[in-house]
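Below: one structure, written as structure tokens.
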Amino acid sequence: MSIKEVLVPDIGSFKDVEVIEIMVNVGDSLKTDDSLMTVESDKAAMDIPAPFGGIVKELKIKVGDKISAGSLVLLLDTTGEATASSNAPVVKSFTPPEASSVAAVPPPSHPAPEVPAHIPPKHRPDPVAAHAEFASGKPAHASPSVRRFARELGANLGQIKGSGPRGRILKEDVQNWIKAELAKPTGEAIGLGFPPAPIIDFAKFGEVERQALPRIKKLSGANLHRNWVSAPHVTQFDEADITDLEDFRKSMLDEAAKRGVKLTLLAFLMKAVVNALRTYPTFNASLSADGENLLLKKYFHVGFACDTPDGLVVPVVRDVNKKDVMDIAKELAEMSELARERKLKVDAMQGGCFTISSLGGIGGTMFTPIINCPEVAILGLSRADWKPVWNKASKSFEPRLMLPLSLSYDHRVIDGADGARFTSHLRLMLSDVRRLLL
Ligand code: CAO
């Protein structure tokens, strides 16, 4: 066994500085430059790094001790270790314990203790982090290791209240802050900088009943919120003349019923959408995770929003391009029923390329559906209504059944011109049912 003493190296003008944190325990295995402890003078906090690697055999200091250059810190068993030496005290950043006198951004220009040239780069002060920290108008009081910890987790020290002596921010304070941020329901939690939603006691104004949100609503709510704020939505409105399509559908209802199928408009819409996706492949795509590439899908799985007593679910009809309208209608009915009975399997809700949300059976004229990310577009259908439409040939208004279309798309992927082309294509498909066969 080879036991070596670790002494406090040359720490410049620091003498009798207080040990405020010890980052190692007996038995820990250390590498060169791992932080051993933090000391603090009235001007600065600094980390003392390990000059070489080894196993901690014995600690010779405790929190609160005063140390100077040459003080014995601990004993390291260096058996089997290459003893590369860095022997540098690490002066991380200026952290005056009395914070109140310091002004806002940029950070104050108090003379920081000089940083020896041989300090490893990873221990050098980080101006970016410092700016974030000072953005609140006061500097944070935290040790370099806590600063590093906060930086790694993306925590802004300027917003964290310290529970240590003289308000010093401890590692646990950073952990608690992160936990609290993650628990927040608003955009604050994902770093959007929204002000927190006000907490209001509605009982002050009248009677209130508290109802727990169903599980599906909680899950879909979080996803809808993320999709709404992460994808820049544009909604293109249009109207399709479905007079002939509706005549055809009605003429087929009996035949469909004999086959046990309720032939709905939605089944025709699925076919029309697939035709449009073939013509405009960027609508059948997703952005790669790094946002650098478009992933074009060569399959046509179309989801449909289904209203259930527990909330919204989106079953996915697979390979719509390979199925006829009757098959699709049958599948829509079966999947809706399963969804409403909570029997839909998870994989029946996965793999969608594009979603249709139909409120046509309920009402309304137009709406702005939220994209089911990572898909890049969604089509909303509202209630079809009879409208007077100008017929150029007969030079007269004719009553036509018009279906309102609301296409929301991700503007990072799809341009406005293509959005309008897509709905125009749908109009064309829906106005002439024969085209759906092509
Ligand atoms: N215009 C006029 N009438 C329409 C229509 C439209 N666009 N779409 C459907 N209808 C009619 C149907 O023909 C049917 O009439 P009949 O009973 O006389 O035949 C009636 O409305 C009900 O249709 P449906 O709801 O049974 O069938 P569907 O295929 O239109 O819809 C489904 C199926 C699952 C989409 C629907 O039941 C549903 O859940 N819709 C809600 C979707 C939703 O919540 N979207 C919002 C998501 S974003 O918050």
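Ligands are counted one by one from 1 in listed order, and the atoms in each one are counted from 1 as well. Only heavy atoms go into these numbers, but all of them, side chains included; no hydrogens, no water, no symmetry mates.
- Contact between L359 and ligand 1 is present, with at least one heavy atom of the residue lying under 4.0 Å from the ligand.
- The contact set between ligand 1 and S336, taken as ligand atoms under 4.0 Å from a residue heavy atom, comprises 34 (C).
- Compare G361, C306, S220, S357 by their heavy atoms: the one nearest to atom 11 (C) of ligand 1 is in G361.
- Remark: atom 15 (O) of ligand 1 lies closer than 4.0 Å to no protein heavy atom.
- Pairing each heavy atom of I169 with each of I160, the nearest pair is CD1-O, 3.5 Å.
- Residue nearest to atom 17 (O) of ligand 1, selected from M402, K262, R383, M270: K262 (by heavy-atom distance).
- For atom 5 (C) of ligand 1, a protein heavy-atom neighbour is present inside the 4.0 Å cut-off.
- Annotation for N391 and E398: closest pair ND2-OE2, 2.7 Å, computed over non-hydrogen atoms.
- In summary, the side chains of E172 and S163 do not present any donor paired with an acceptor at a separation below 3.5 Å, with no hydrogens or angles considered.
- Scanning both residues, R318 and H301, for their nearest heavy atoms gives CA-ND1, 3.5 Å.
- Residue F354 forms a ring pair (Phe, Tyr, Trp, His ring centres under 6.0 Å) with just one option from Y409, F304, F422, and that option is F422.
- Interface of T264 with ligand 1, defined as ligand atoms under 4.0 Å from a residue heavy atom, comprises 29 (O).
- Under a 4.0 Å heavy-atom criterion, P369 is not in contact with ligand 1.
- Protein heavy atom closest to atom 49 (O) of ligand 1, with residue, atom name and distance, is L312 CD2, 4.2 Å.
- With no hydrogens or angles considered, no side-chain donor-acceptor pair links T308 and D310 at under 3.5 Å.
- Nearest to atom 3 (N) of ligand 1 among the protein's heavy atoms is G360 O, 3.6 Å.
- Of the protein's non-hydrogen atoms, R340 NH2, 3.6 Å is the one closest to atom 38 (C) of ligand 1.
- Atoms of ligand 1 lying under 4.0 Å from any heavy atom of L266, numbered from 1 in the order shown and given with element: 29 (O), 35 (C).
- Taking every non-hydrogen atom of S358 and a distance limit under 4.0 Å, the qualifying atoms of ligand 1 come out as 40 (N), 41 (C), 42 (C).
- Crowding of K171 atom NZ: a count of heavy atoms from other residues, nucleotides or ligands under 6.0 Å not exceeding 12.
- Less than 4.0 angstrom separates some heavy atom of R249 from each of these atoms of ligand 1: 13 (O).
- The closest approach between S382 and ligand 1 falls below 4.0 Å for a heavy atom of the residue.
- Nearest approach of I22 to I61, heavy atoms of both residues: CD1-O, 3.6 Å.
- At least one side-chain heavy atom of M252 sits under 4.5 Å from a side-chain heavy atom of M326.
- The two residues A155 and I178 have their closest heavy-atom pair at CB-CD1, 3.9 Å.
- Taking a cut-off of under 4.0 Å to the non-hydrogen atoms of L403, the atoms of ligand 1 that pass are 7 (N).
- Between L436 and K271, the closest heavy-atom pair is CD2-C, 4.2 Å.
- Close approach of ligand 1 to A384 (heavy-atom distance below 4.0 Å) involves ligand atoms 1 (N), 2 (C), 6 (C), 7 (N).
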